Trainee: 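Got a structure here, written out as structure tokens. Questions coming.
Every value quoted in this text rests on a predicted model; they were computed, and no experiment measured them. Chain letters run A, B, ... following the sequence lines, proteins first and then strands; every chain starts at 1.
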Amino acid sequence: MSAPVLEVRALVKRFGGFVALNGVDLRVGAGERLGLIGPNGSGKTTLINCISGALYNDEGSIAFEGRDITRLAPHQRTRLGVARSFQIPRPFRSMTVLENLRVPLEYAAWGRAEHRRINDEAMAVLESIGLEHCAQQNSAGLTQVDMRKLELARALAARPRLLVSDEAMAGLSSAEVDEILEILLALNARGVAVIMIEHIMRAVMRFSQRVVVLDAGEKIAEGTPDEIVRNPDVERAYLGE
Amino acid sequence: MLRDRSDVVFWGALGAVALAGVAFTHTVANEYYYTAVYAILQATMMAVAWNILGGFTGYVNFGSAGFFAIGAYTTVALGKTLEGLPLPVMIVAAALLCGLIGLGLGYLTLRLKGVYFSIATLAMAIVFETLMTNWAYVGGARGAYILTPESHLWFDSYIEMLFMVMLLLTLGSIAISRALIRSRLGRGLAAIRDDELAAECAGVPTLKLKLISATLMGALMGVAGAPYPYFVTFVDPASAFSLFVAVNAIAMPMIGGTAHWIGPVIGALLVGTAQQVITVTVSSELNVLFVGIMLVLFISLAPQGIVGLARKYWGRKR
Amino acid sequence: MDLFVNAIVAGILLGAFYASVSVGLSITFGQLDIVNIAHPAFVVVGSYIAWILNSRFGLDPVLVGVLAAPLFFVAGVLIYRVYYAAFERTGQESLSGLAFFFGVMFIIEIVLILVYGVDYRLVSADYLGRNIDLGFVGLPLRLVVPFVVASAMTGAVWLYLSRTFTGRAILAVAQDRLALQLMGADPVRIKQFAFGLAIATTAIAGSLLIVIGPVEPSLGRGYIGRAFAIVVLGGMGSIPGMVIAALLIGVLESFVSSFAGPSWAPAVAFGALLLTLAVRPSGLFGRA
């Protein structure tokens, strides 16, 4: 098995007296599709906040492509190749859709562009996502699904080798869920590892090669989608005793 | 520098204004006009500088008077130490010192929420005012008198030369501001202003950019203050650190519109001119009330300023 | 030695007064996250009202403060409604709110100057100018009376916040809007009430201010640093912490004033604020 692109060891994160993450281990292989599920409040978003650097963990370590990133600032991690999308989209509201993409292209992916002109590069990303028709539109006025796509587009524009997608499909229609799914699958086909956090089970099942289940800050199960579905601990976590 | 048509228009306009300034010095003799325009130019420069950290980056500086006054006191202190130092040297010294203060203050507080930074700027201004009040070398609370230098080059009077200096400095600061907002750095600042966490996660080194922004703002404000002692010939902490300077520095960009480089210019020209008119026709105290009320009204009703209103009126998508 | 003891005592007496100035800010900034930089300006307005009624009708200034408090409460509620409509409802960043209160502070100061001029104003009451002599130290009543009233008011506010339903709702509203709504309390009305309460305290604090010494319109500015320094140093959510910070700042200022000169006093609080922000922004007792 090739070297893992992400290696999280014994991660602990506390908020005052509350332990959000209690010694979580996570491993993501290069180009792997990992599903991360768990009931609300289980610590999924806290985990990816720690991975992306928005929060600093109290104990444990995080390594990306063999390099320790535990104490690096978020922007440094993004430049190394870890990108995330936010659960509630956070567009740069004073900018158009195209201008939104310029930011990660000019910063996270600086020097790694394929096209000579940044705008062309941004348009290419938009086309891969299906947002090219609203390139000049102000990002604050987008529809829900387009906002989610913009969130993903911004993460893609950072040219990551690991993308964490935080509930990008929440509240979308079935057709819209499929659209997002296609985008993520296409991205993965280009060699990008993806961690997908979702509550929509059919998406998780269809997408993931491997699934990790968190509950109350701990990893309670790990395995293929089929194994997870049949796991009684997982059922208990979601449905209670 | 001349990348597209808007660049041509911009530099053409700047050149035209500079030439108009020269024409002004040849045609107008009444000193009052020079003092009035100088005041407006100074306010414009302060507004433009403030907007770099305020409008472009989203961090509100309440202590603008602090930077301005330190620039002024740099001139006073240097002028006392080394007689006959030319004005450009003072300006450079003020830029360096105030830039450093901006950097230091930023380093102390820009890692915290924006609100704390704003309060800290107020604190900084008061601390420096207290220091200057207690520093006898520059006159302390009683203030210092500045002698007008004899040389005024080819101009008819010293105030005319000072006016021209201020005009060029102001035009320069506007050019810097415009170049900044159109650059990669400026786009990074805008991302910070819109959503700092998202910017950080998009690869923007937010702390570094904020520090650059604060340093630039500090330096420009210091430069705006450097010629001030020669303008007023008497400098004391109360007038140099005046709250009026601080409020103007905030009100003018907010009234004009903070998101665009031309916003503070518009705001300063309109409000500054109104203030000159009010001073002459009614009283100078009323000025202060005028600015305060305008600020509160615009913030509450038209937070995007005049530029924002214009954009909405012309129905553009952005 | 005498100077030393006097400095400490004066510091404690003043510190209690500073707490009464800061308790309102502790509510608006510490609990509601509203950066009311105009808070000290309201205190000055309170002083002027005490002066007007004292010089016109001979009423005791503290009494005026207490009577004026309900009016200030209403004013606070109104101001919050404007603030809410303009900023909180639209989700505007607190930066515009900051500038809003900055403008309000400015307007208050200028109107006071325009109407009453820049002269210092005083009140007269028969306890001013008298001292309590405790042998080794003399306690001027103009400091003792504010000490007593300030302590009473701060204590009353603290009890209210920690014991009554509305009070606890105020403490909760910053932390968990949703839970509050589920409990049947309207967050907006709670915040409105809290803001009104905060401004009401400025009426009393203002009357104490003018008992301590003469007042002029720009006096509020010196208190911006003190009030914010005290709230931040004490820890944003904590009123007992705020009281301790107030006493600390009071004593520190007193020492600096006695041994280095009163012209250095303004820098103490602001310097303490900068230091706190640089070293431990959560304050001494704040929630991290």
Trainee: Answer yes or no: are there more than 12 heavy-atom neighbours, outside B:F10 itself, under 6.0 Å from its atom CZ?
Mentor: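 Above 12, so yes.
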
Trainee: Could you tell me which portion of A:A73 (side chain, backbone, both or neither) has an atom closer than 4.5 angstrom to a non-hydrogen atom of chain B?
Mentor: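 For A:A73, heavy atoms of backbone and side chain both lie under 4.5 Å from chain B.
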
Trainee: To the nearest 0.5 Å, what is the distance between CZ (B:R193) and CE (A:M95)?
Mentor: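 With rounding to 0.5 Å, CZ (B:R193) is 7.0 Å from CE (A:M95).
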
Trainee: Within this structure, what is the CG-CG distance for the pair A:N100 and B:D194, rounded to the nearest 0.5 Å?
Mentor: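 It is 8.0 Å, given to the nearest 0.5 Å.
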
Trainee: Looking at OG of A:S94 and NE2 of B:H260, how far apart are the two atoms once the value is rounded to the nearest 0.5 Å?
Mentor: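 So the gap between those two atoms works out to 12.0 Å.
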
Trainee: Heavy-atom pairs under 4.5 Å with chain A: which of B:P205, B:A191, B:G203 has the most?
Mentor: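 Heavy-atom pairs under 4.5 Å are most numerous for B:G203.
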
Trainee: Need one label for A:R93: side chain, backbone, both or neither, based on atoms under 4.5 Å from any heavy atom in chain B.
Mentor: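 A:R93 touches chain B through backbone heavy atoms alone.
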
Trainee: So which heavy atom on A:F86 is nearest to which on B:A198, and how close?
Mentor: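 Where A:F86 meets B:A198 most closely, the heavy atoms are CE1-CA, 4.0 Å.
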
Trainee: Just by distance, do the side chain of A:R90 and the backbone of B:D195 share a donor-acceptor pair under 3.5 Å?
Mentor: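 No, because the side chain of A:R90 does not come within donor-acceptor range (under 3.5 Å) of the backbone of B:D195.
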
Trainee: Could you look at B:A190 and say if it's the side chain, the backbone, both or neither that has a heavy atom under 4.5 Å from chain A?
Mentor: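 Both parts, heavy atoms under 4.5 Å.
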
Trainee: Just wondering, more than 12 heavy atoms not from B:L301 lying within 6.0 Å of its CG?
Mentor: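 Atom CG in B:L301 is packed in, count exceeds 12.
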
Trainee: For the atom pair OH (A:Y107) and CG (B:L209), what is the distance rounded to the nearest 0.5 Å?
Mentor: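 These two atoms lie 4.5 Å from each other.
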
Trainee: Write down the atom of A:T78, the atom of B:A202, and the distance for their closest heavy-atom approach.
Mentor: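 Taking A:T78 first and B:A202 second, the nearest heavy atoms are CG2-C, 4.1 Å.
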
